[in-house]
Amino acid sequence: MTSGPAARVAGLSLRFADRVVLDGADLVVERASSVAVTGGSGSGKSSLLLCLLGLLRPDAGAIEIDGSPVAFGRAGASARLRREKVGAVFQDGSLLPELSPRENVALAGMLAGLPAAEAATRAEELLDRLGVPAGSRSVDEFSGGEQQRIAVARALMNRPVLLLADEPTGSLDPATRNQVCDALFALPGELGCGLVVVTHDPAVAARADRRLRLVDGCLVEEVVAGMGR
Ligand SMILES: Nc1ncnc2c1ncn2[C@@H]1O[C@H](COP(=O)(O)OP(=O)(O)OP(=O)(O)O)[C@@H](O)[C@H]1O
């Protein structure tokens, strides 16, 4: 780990056919801090996260994760950087339904080369931190909020410097949403990672240290009424 920001995005541009999605977007995600990204439907929020994950190649611009450039088009190097430095949580959790929480979380470590016993121990620690039993039940028997906390534990398996969450509470009721937010927004302070949360929900965005809005392909600081006076 270097001492610079968790992620730095400079001049990111992306278009699909004649649709300009990102138009010179800049973003710095400091360690131990959270950023919420809001914006209208189709404004490019998920595309931005896919670029940060190295899964979508921008037309122009640069992305650094923990000081290392994301190597678009070099599958091996890009995949390694992503595995080692970036964790991601999506709206539906994307867990393997037949496996237990422990198995779901440990698998992420084993795929990154961690021995099975070590991965299982670390999975149990992470699930304990997030308040979910590691158990032998399959994850599809857990509630939506528990499944999202299992997905967060899985995203933390490889000690990411950058944690990305795309609508992590989009399918949860308000009480469960708050529990997942409590767990998620505590992580930068506890672990020192940078956190980027894409959300439509103002209550979720309000939990972040910084709130940015994607407008016409650029990220602009959200002005919060009554603040700074
Ligand atoms: N693979 C693709 N091919 C063509 N167009 C795409 C592709 N992926 C996304 N788009 C388009 O790019 C634009 C931005 O999509 P994106 O999913 O990033 O928006 P979003 O802000 O996350 O939207 P939402 O809030 O509705 O999830 C949309 O107009 C979408 O239709």
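For ligands, and for the atoms within them, numbers begin at 1 and follow the listed sequence. In this chain, numbering begins with 1 at the start of the sequence shown.
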Heavy-atom contacts with [X] under 4.0 Å: which atoms of ligand 1 show up? List them by number with element.
X	result
His200	25 (O)
Gly40	21 (O)
Val21	12 (O), 13 (C), 14 (C)
Lys45	18 (O), 19 (O), 20 (P), 21 (O), 22 (O), 23 (O), 24 (P), 25 (O)

Identity and separation of the nearest protein heavy atom to [atom]:
atom	answer
atom 18 (O) of ligand 1	Ser47 OG, 2.6 Å
atom 14 (C) of ligand 1	Gly42 O, 3.3 Å
atom 26 (O) of ligand 1	Ser41 OG, 2.6 Å

Does Glu167 come within less than 4.0 Å of ligand 1, judged by its heavy atoms?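 The answer is no: ligand 1 sits nowhere under 4.0 Å from a heavy atom of Glu167.
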
Residue-ligand contact Gly39/ligand 1, heavy atom below 4.0 Å: no

Exercise. Distance below 4.0 Å between atom 30 (C) of ligand 1 and any protein heavy atom?
Worked result: no

Any heavy atom of Arg19 under 4.0 Å from ligand 1? The part involved is side chain

May I ask you to say whether Asp166 pairs ionically with Lys45, meaning some side-chain N is under 4.0 Å from a carboxylate O?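 A salt bridge is absent here (no side-chain N lies under 4.0 Å from a carboxylate O).
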
Q.
Taking distance alone, with N or O pairs closer than 3.5 Å, would you say Phe16 contacts ligand 1?
A.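 No, Phe16 has no N/O under 3.5 Å of an N/O on ligand 1.
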
Is there at least one pair of N or O atoms, one from Gly44 and one from ligand 1, spaced under 3.5 Å apart? yes

Is there a donor in the side chain of [X] and an acceptor in the side chain of [Y], or the other way round, less than 3.5 Å apart?
X	Y	value
Ser33	Asp209	no
Asp201	Thr199	no
Gln148	Thr169	no

Qualifying residue for side chain to side chain donor-acceptor pair (under 3.5 Å) with Asp182, from Arg177, Arg207, Arg149:
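Per the side chain to side chain donor-acceptor pair (under 3.5 Å) rule, the option paired with Asp182 is Arg207, out of Arg177, Arg207, Arg149.
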
Checklist entry - Does atom CZ of Arg213 have more than 12 heavy-atom neighbours, drawn from other residues, nucleotides or ligands, at distances under 6.0 Å? => result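 Enclosed.
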
* Val139 versus Asn104, closest heavy-atom pair with distance ->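 That closest heavy-atom pairing would be CG1-ND2, 3.4 Å.
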
Problem - Expected output: side-chain Ser100 to main-chain Glu103 donor-acceptor under 3.5 Å - result: yes

message = Tell me whether Glu146 contacts the main-chain N or O of Ser143 through its side chain, where contact means a donor paired with an acceptor under 3.5 Å.
response =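 Pair found, side chain donor or acceptor close to backbone of Ser143.
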
